[in-house]
Amino acid sequence: MAGEASSGTFLQGLERGLAVIRAFSTAAPALTLSEVARDVGITPATARRILLTLEQLGYVRTDGRQFSLTPRVLALGWAYLSSLDLGELAGPYMEELSAATRESCSIATLDLPDIVYVARVPTSRIMTVALGVGARLPAYPTSMGRVLLSGLPPADLDAYLSSLQAESLTDRTVTSPEALRAAVDQARVDGYALVDQELELGLRSLAAPIRNSRGRIIAALNVSAHASRSTPDSLCQEVLPHLLCAADHITTALKHRGHL
């Protein structure tokens, strides 16, 4: 590192900014300026400049005393997940899942307020909206969105729900923050999410989490089916076991690759 710094190619300000972001964790979701300075090993004045810059960029918020990360930092992770070519790694498992269930399946990551599709194996067109890699849907009415939201730190989930302006996309769409929180909490407890015609009438979907080596949810895998050939009970009984198995295989494959 010293050699790089002396050559003029090492940006100490960038290093310190990233170190400030890494200072926040599950054990320390909110920190004072002095705590950040102490943990990172920088002066309070430097910590203040970095934190205020991150706040202006939308990566940090403050209540006047403590600072905490915002969901925008997930966009940094999205760039990394894209570079992993998750679709290529998960492809064989998704093909097996689609063959076993005879339904479409997809993988998405979270880029609030949306989910972003990173892989998809379609069997038939069951949605009016065309979906492909890079497509976005709002997180709140989707099974993958609820799984991904269930992995957020509590403060970030609070911020998302408090700023959400949910629309009734169908007469079944859950839009109230309280009901959405309950649905996300249930997904966390169950280890999967089921959405019944909230995004589009006639569309049901199940989603399960894909985790990194620390157990953190970094993506979600789903199976979508038309309501004419499925019921919520049949999806849970016949599709869910295959879905959970595929999600576990993809999680294991990512760990073995050594990226997560």
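The residues of the chain are indexed from 1 along the displayed sequence. All values below were derived from every heavy atom in this structure, side-chain atoms included, with hydrogens, water molecules and symmetry-related copies excluded.
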Enquirer: For T142, check side-chain hydrogen bond (donor to acceptor under 3.5 Å, both in side chains) against everything at least two apart and list the hits.
Expert: none
Enquirer: Mind jotting down which residue pairs meet the side-chain hydrogen bond (donor to acceptor under 3.5 Å, both in side chains) criterion with at least one end in residues 174-185? Sequence neighbours excluded, please.
Expert: D158-R181, D185-R188
Enquirer: Considering non-hydrogen atoms only, spot the tightest contact between I210 and I107 and give its length.
Expert: CD1-CD1, 3.9 Å
Enquirer: With sequence neighbours left out, what residues match A47 under side-chain contact (heavy atoms from CB on, under 4.5 Å)?
Expert: L33, V36, A37, I42
Enquirer: Please list, chain by chain and in numerical order, all residues satisfying side-chain contact (heavy atoms from CB on, under 4.5 Å) with A220, sequence neighbours excluded.
Expert: M144, V147, L148
Enquirer: Quick one: list whatever passes side-chain hydrogen bond (donor to acceptor under 3.5 Å, both in side chains) with S234, sequence neighbours left out.
Expert: T231
Enquirer: Evaluate side chain to side chain contact (heavy atoms under 4.5 Å, CB included) for R136 paired with D111, printing each intermediate quantity in order.
Expert: CA-CA 9 Å; R136 289 175 172 264; D111 186 16; 2.6 Å; yes
Enquirer: Minimum heavy-atom separation for P232 and L194, please, with both atom names.
Expert: CB-CD2, 3.7 Å
Enquirer: Within the 3.5 Å criterion, strictly below it, is a donor on S143 or S205 matched to an acceptor on the partner's side chain?
Expert: yes
Enquirer: With the side chain counted from C-beta on, respond yes when P29 and F24 share a heavy-atom pair under 4.5 Å apart, and no when they do not.
Expert: no
Enquirer: Output a table of donor-acceptor pairs, distance under 3.5 Å, between side-chain atoms of residues 90-102 and any protein atom two or more places apart or on a different chain; print 'none' if there are none.
Expert:
| unit_1 | atom_1 | unit_2 | atom_2 | d |
| --- | --- | --- | --- | --- |
| S98 | OG | E103 | O | 2.8 |
| T101 | OG1 | L97 | O | 2.8 |
| T101 | OG1 | E103 | N | 3.4 |

Enquirer: Ignoring hydrogens and angles, state whether a donor on the side chain of S224 or N222 is under 3.5 Å from an acceptor on the partner side chain.
Expert: yes
Enquirer: Applying side-chain hydrogen bond (donor to acceptor under 3.5 Å, both in side chains) as the test, list every pair that has at least one member in residues 37-49; sequence neighbours left out.
Expert: T43-T46, T46-R49
Enquirer: Is K255 close to T252 at the side-chain level, that is, under 4.5 Å between some pair of heavy atoms?
Expert: no
Enquirer: Has the side chain of S168 got a donor or acceptor atom that lies under 3.5 Å from a matching backbone atom of T170?
Expert: no
Enquirer: Under the side chain to side chain contact (heavy atoms under 4.5 Å, CB included) criterion, do L52 and V60 qualify, and how do the steps go?
Expert: CA-CA 8 Å; L52 292 180; V60 163; over 6 Å; no
Enquirer: At what distance, to the nearest 0.5 angstrom, does CD1 of I217 lie from OG1 of T109?
Expert: 13.0 Å
Enquirer: Among all residues two or more places apart in sequence or in another chain, which pass the side-chain contact (heavy atoms from CB on, under 4.5 Å) test with A23?
Expert: L31, V40
Enquirer: If you look at every heavy atom in D114 and P138, which pair is closest and at what distance?
Expert: OD1-CA, 3.7 Å
Enquirer: In chain order, what residues pass the side-chain hydrogen bond (donor to acceptor under 3.5 Å, both in side chains) check against S34, with sequence neighbours excluded?
Expert: T32
Enquirer: Search all heavy atoms of E198 against all heavy atoms of T173 and return the closest pair with its distance.
Expert: O-OG1, 2.6 Å
Enquirer: What closest approach, in Å, do I21 and L69 show between heavy atoms, and which atom pair accounts for it?
Expert: O-CD1, 3.9 Å
Enquirer: Partners of A155 by side-chain contact (heavy atoms from CB on, under 4.5 Å), sequence neighbours excluded?
Expert: R61
Enquirer: Can you list every side-chain hydrogen bond (donor to acceptor under 3.5 Å, both in side chains) pair that touches residues 240-250, not counting sequence neighbours?
Expert: none
Enquirer: Sequence neighbours left out, what passes side-chain hydrogen bond (donor to acceptor under 3.5 Å, both in side chains) with Q186? Give chain and number order.
Expert: D190
Enquirer: Decide yes or no for L180 and L161: does some side-chain heavy atom of the first lie under 4.5 Å from some side-chain heavy atom of the second?
Expert: yes
